[in-house]
Protein chains: 2
Amino acid sequence: MFIGEFHHNIDDKGRIAIPSKYRDILGNDFIITRGIEHCIYVYPNDTFNHIVTKLESLPFTKKDARAFTRFFMSGATAIELDKQGRANIPSPLVSYANLSKKCVIVGTGDRLEIWDEDAFNEFMSSCNDEMSDIAENLFEEKI
Amino acid sequence: MFIGEFHHNIDDKGRIAIPSKYRDILGNDFIITRGIEHCIYVYPNDTFNHIVTKLESLPFTKKDARAFTRFFMSGATAIELDKQGRANIPSPLVSYANLSKKCVIVGTGDRLEIWDEDAFNEFMSSCNDEMSDIAENLFEEKI
DNA sequence: TATTTATCCCCCACTTTTCCCCACAGTCTA
DNA sequence: TAGACTGTGGGGAAAAGTGGGGGATAAATA
């Protein structure tokens with residue numbers, strides 16, 4: 001399970017070090033793709049394949065299915081870590097997530113997310129106040 | 001499986017390089033045809049044949065079936081890559097997809113899509129805002 | 001039928017990008 | 001304090017993408 005928050009730099013070549021703590025779970029190759037809030041999702045192969053299977057069950061004749069599949073699959077890239085444990089982020093994803101230099105890598109259970117540091121701080125502070133309301137509607141009964 | 005996003009140029013002769021990453025899956029000959037959002041779909045032969053079978057199962061007595069089959073089949077062309085790994089796009093498809101110079105080639109699971117860069121950016125930014133909503137309604141239960 | 005015109009491929013050469021390797025600095029551990 | 005590990009930066013070789021020229025084949029015209 002992915003937990004925690006790490007602050008790493010992405011360099012001019014689009015390389016960013018994956019926290020060593022995660023490498024055991026991720027292995028040497030895995031998938032990254034566009035995330036919904038302009039961040040990057042990092043999935044172990046199994047998890048990603050599972051989502052793809054779900055998406056493939058949707059017909060391409062449905063507009064929303066096309067849009068989401070395009071969004072999700074076109075952003076996806078198979079990553080292999082180099083000997084230093086870094087992932088090479090393709091430039092379309094770098095610009096999608098507005099990664100400049102300072103990045104944040106956070107674990108969110110079944111995946112990692114890579115954020116631009118400023119964007120992450122902004123997002124977190126913007127919903128900190130609402131968190132009480134957000135939590136309110138998540139579950140009906142006791143968890 | 002086709003994933004990823006590549007930015008290539010189409011030249012005056014209508015040639016565009018298919019990303020080398022895809023050539024293994026596609027092989028040397030495959031099918032391209034009109035896609036729904038004014039882009040070009042690229043299918044391996046098997047996949048294309050499978051869709052054709054599906055379309056043929058629709059009765060020609062239905063107006064929509066006739067229209068869509070006509071749309072899909074009339075645009076189709078068999079492509080052979082040249083020795084540089086480029087596909088020659090027939091001019092009707094070039095104009096259908098408004099390809100000028102800068103193009104985007106994206107993988108969407110079972111096929112590739114070739115877009116004019118401007119058109120692609122426009123489409124993606126137009127549905128970026130909705131992507132959260134779209135994702136919201138795609139699945140009811142956990143995927 | 002012969003000549004011209006156009007089209008399509010193939011090949012070569014250049015540029016750009018990508019990938020892989022090495023090196024260094026800071027931190028933690030034994 | 002020495003050694004190992006982690007994160008960061010840069011250089012060089014190889015691959016991928018791009019553009020243009022030339023020859024073969026097909027179409028068009030006299």
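Keep in mind that the numbers below use all heavy atoms, side chains included, and drop hydrogens, waters and symmetry copies. Letters go in sequence order (proteins before strands), and every chain restarts at 1.
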Point to revise | Euclidean distance, atom CZ of residue B/F6 to atom P of D/dG17 [Å, nearest integer] | key: 8 Å
Exercise for review: Starting at atom NZ of B/K83, determine the distance to atom C1' of C/dC8, rounded to an integer number of angstrom.
Suggested key: 15 Å
**Study point:** Minimum-distance nucleotide (side-chain atoms of A/D11 versus D/dT18, D/dG9, D/dG7)
**Key:** D/dG9
Check your understanding: A/F2 vs A/Y22 aromatic rings, parallel, tilted or perpendicular, using cut-offs 30° and 60°?
Key -> perpendicular
**Study point:** Separation of C/dC22 P from A/R86 CZ (nearest whole Å)
**Key:** 14 Å
Practice item. Return the value, rounded to whole Å, for the distance between atom CD1 of B/I79 and atom C1' of C/dC9. Key: 14 Å
Practice item. State whether A/R66 and B/E113 are salt-bridged, where the test is any N-O pair (Lys NZ or Arg NE/NH1/NH2 against Asp/Glu carboxylate O) under 4.0 Å. Key: no
Review point. If you check every side-chain atom of A/R23, which of C/dC22, C/dC19, D/dT6 has the closest atom?
Key: D/dT6
Practice item. For B/K21, answer base if it contacts any base atom (sugar-phosphate contacts may also be present), sugar-phosphate if it contacts only those atoms, and nothing otherwise; contact means non-hydrogen atoms under 4.0 Å. Key: nothing
Exercise for review: Looking at every strand, decide which applies to A/I18 at a 4.0 Å heavy-atom threshold: base, sugar-phosphate, or nothing.
Suggested key: sugar-phosphate
Review point. Taking only side-chain nitrogens and oxygens of B/K101, does any of them come within less than 4.0 Å of OP1 or OP2 of D/dG17?
Key: no
Review point. Of the nucleotides D/dG7, D/dT18, D/dG9, which one has an atom closest to the side chain of B/N9?
Key: D/dT18
Review point. Separation of A/D12 atom CG from C/dT17 atom P, in whole Å?
Key: 13 Å
Review point. Under the side chain to side chain contact (heavy atoms under 4.5 Å, CB included) criterion, do B/N88 and B/D82 qualify, and how do the steps go?
Key: CA-CA 8 Å; B/N88 207 319; B/D82 67 12; over 6 Å; no
Review point. Which comes earlier along DNA chain D counting from the 5' end, the contact point of A/K13 or that of A/S20, where each point is its nearest nucleotide?
Key: A/S20
Revision key, fill the gap. Rounded to whole Å, the NE2-P distance (B/H7 to C/dT17) equals 13 Å
Exercise for review: Specify the separation, in whole Å, of atom NE2 of A/H8 and atom P of D/dG9.
Suggested key: 12 Å
Check your understanding: What nucleotide, of D/dG17, C/dC11, D/dG7, holds the atom closest to the side chain of B/Q84?
Key -> C/dC11
**Study point:** Passing candidate, ring-ring contact (aromatic ring centres under 6.0 Å, His included) with B/W115, options B/F6, B/F120, B/Y41
**Key:** B/F120
**Study point:** Check: D/dG7 base within 3.5 Å donor-acceptor of A/R15 side chain
**Key:** no
Exercise for review: Determine yes or no for a side-chain-to-main-chain donor-acceptor pair under 3.5 angstrom, with B/H8 supplying the side chain and B/V104 the backbone.
Suggested key: no
Exercise for review: Round to a whole Å and report the spacing from CG of A/L81 to P of C/dC20.
Suggested key: 12 Å
